[in-house]
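Keep in mind it's a predicted model, so treat the numbers as computed, not measured. A note on names: the letters A, B, ... follow the listed sequences, proteins ahead of strands, and every chain is numbered from 1.
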Number of protein chains: 2
Amino acid sequence: MRIGELAGRVGVSTRALRYYEEQGLLRSQRTASGQRLYPDSSVDRVRLIRQLYTAGLSSALIAVLLPAIDARHVDPELMGLLVQERERIRDKVAGLQEAGRRLDVLIGLAAHPDARPCPGSLGREESTEASGSAAPGSEPV
Amino acid sequence: MRIGELAGRVGVSTRALRYYEEQGLLRSQRTASGQRLYPDSSVDRVRLIRQLYTAGLSSALIAVLLPAIDARHVDPELMGLLVQERERIRDKVAGLQEAGRRLDVLIGLAAHPDARPCPGSLGREESTEASGSAAPGSEPV
DNA sequence: CTTGCCCTTGACGTCAACGTCAAGTCCTAG
DNA sequence: CTAGGACTTGACGTTGACGTCAAGGGCAAG
């Protein structure tokens, strides 16, 4: 298939596909006149690329990752990056879930305006400071 | 405290703190000479801002969100954005976890090079296509 | 008074993943 | 043959959250 059809199937722009190729993430055959031709497998391939992008991986890392996925083999120097990136993803998930709970509290607040939310579930948790020297009132946020 | 101390405590740059103020996320008192002064509570405040940022929320949304958090009340027009953003976070978490599992497979692959990974756990899942018209060999990726 | 560090505003730079426009080529339908 | 849509490369624009540099003021120690 040509680039427009692939773009339409996956739901990305043709610009993006050319960009992926430029970054070494995607290859293509060419017709005699220079137009790109893709096999059907490119659909899944681009979906995988998108998935890695949305996981926050950079083009450079994806570029070294894809051959490892294809060969089902990682060499040790890549291994470090992989473990490190895995940890980053874990942290990111935790942060997202934490923020998600915050939003849930706010959303539930509107649904049940009477039920008081758990203290500290909306920020400023450890307010255990008995701040004595501050002039009360007129304190900024 | 002044801006440098706040930055040091939270672990962000002074530039970031001024940027937050510029975006309406953070306020400060000023000394007679114009230097910013923050109460201790700003430490938690900035941590909360960082958390919302890392959750992928924009400055604009955080700017309308923070007063709602403070007042523990959301008005209906904000409510829509909130639910929408909640859904976006949920999707993002799912995408991240999926990519995390992919990385886990690769990592485990290096640890146990013999155990064969589950088919499809490394991309190109539904390869159930018996592609008949493709010339075998010399097909691009 | 000077040294030195912290602070101020203003303005321009950065980076990544594309969007967008330009000028020309390819190809299919009628 | 011609219209028009799909394609090519090249190059510049965009966006958000800051980084960084410039030029100057504030302030405690020696």
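Checking D:dA17, C:dC27, C:dT8 against the side-chain heavy atoms of B:S59 singles out D:dA17 as nearest.
Considering only side-chain N and O atoms, B:Y19 lies under 4.0 angstrom from the phosphate OP1 or OP2 of D:dA17. Taking only side-chain nitrogens and oxygens, B:S33 never comes nearer than 4.0 Å to OP1 or OP2 of C:dT8. Taking only side-chain nitrogens and oxygens, A:R50 comes nearer than 4.0 Å to OP1 or OP2 of C:dC18. At least one side-chain nitrogen or oxygen of B:R30 sits closer than 4.0 Å to the OP1 or OP2 atom of C:dT9. In this model, the phosphate group of C:dT8 is approached by a side-chain N or O of B:R36 to a distance below 4.0 Å at OP1 or OP2.
Salt bridge annotation for B:E5-B:R2: absent, with no cationic side-chain nitrogen under 4.0 angstrom from a carboxylate oxygen. Between B:R18 and B:E21 no salt bridge is recorded (no basic side-chain N to carboxylate O distance below 4.0 Å). For A:R88 and A:D91, the salt-bridge test fails: no basic side-chain N is under 4.0 Å from an acidic carboxylate O. Look at B:D40 and B:R45 and you find no salt bridge, because none of the NZ, NE, NH1 or NH2 atoms lies under 4.0 Å from a carboxylate O.
Atom pair B:E22:CD and C:dG10:C1' shows a separation of 10 Å (rounding to whole Å applied). As a whole-Å value, the separation of A:M1 CE from D:dA6 C1' is 16 Å. B:Q29 has its CD atom 17 Å from the C1' atom of C:dC7, to the nearest Å. In this entry the distance linking CG of B:L57 with P of D:dG16 reads 14 Å, nearest Å. If you take CZ of B:R15 and C1' of C:dT14, they are 12 Å apart, rounded to a whole angstrom. Taking atom CD on A:E21 and atom P on C:dC18, their separation rounds to 15 Å, with Å as the unit. We find that CG of B:L17 is positioned 10 Å from P of D:dC18, with the value rounded to whole Å. Across the protein-nucleic acid pair, A:L52 atom CG and C:dA17 atom P stand 12 Å apart, rounded to whole Å.
Side-chain atoms of B:Y53 and B:S59 form a donor-acceptor pair, as typed in the model, at a separation below 3.5 Å.
A:T14 comes within contact range of no nucleotide atom at all, as no heavy-atom separation falls under 4.0 Å. B:S13 comes within contact range of the sugar-phosphate backbone alone, with a heavy-atom separation under 4.0 Å but no base atom that close.
You won't find any donor-acceptor pair under 3.5 Å spanning the side chain of B:R18 and the base of C:dT9, going by distance alone.
Toward the 5′ end of DNA chain C lies the nearest nucleotide of A:A16, the other residue of the pair A:A16 and A:A32 mapping further downstream. The 5' end of DNA chain D is approached more closely, in terms of each residue's nearest nucleotide, by B:A60 than by the other of B:R2 and B:A60. Each of A:Q35 and A:Y20 has a nearest nucleotide on DNA chain C; the 5'-most of these lies closest to A:Y20.
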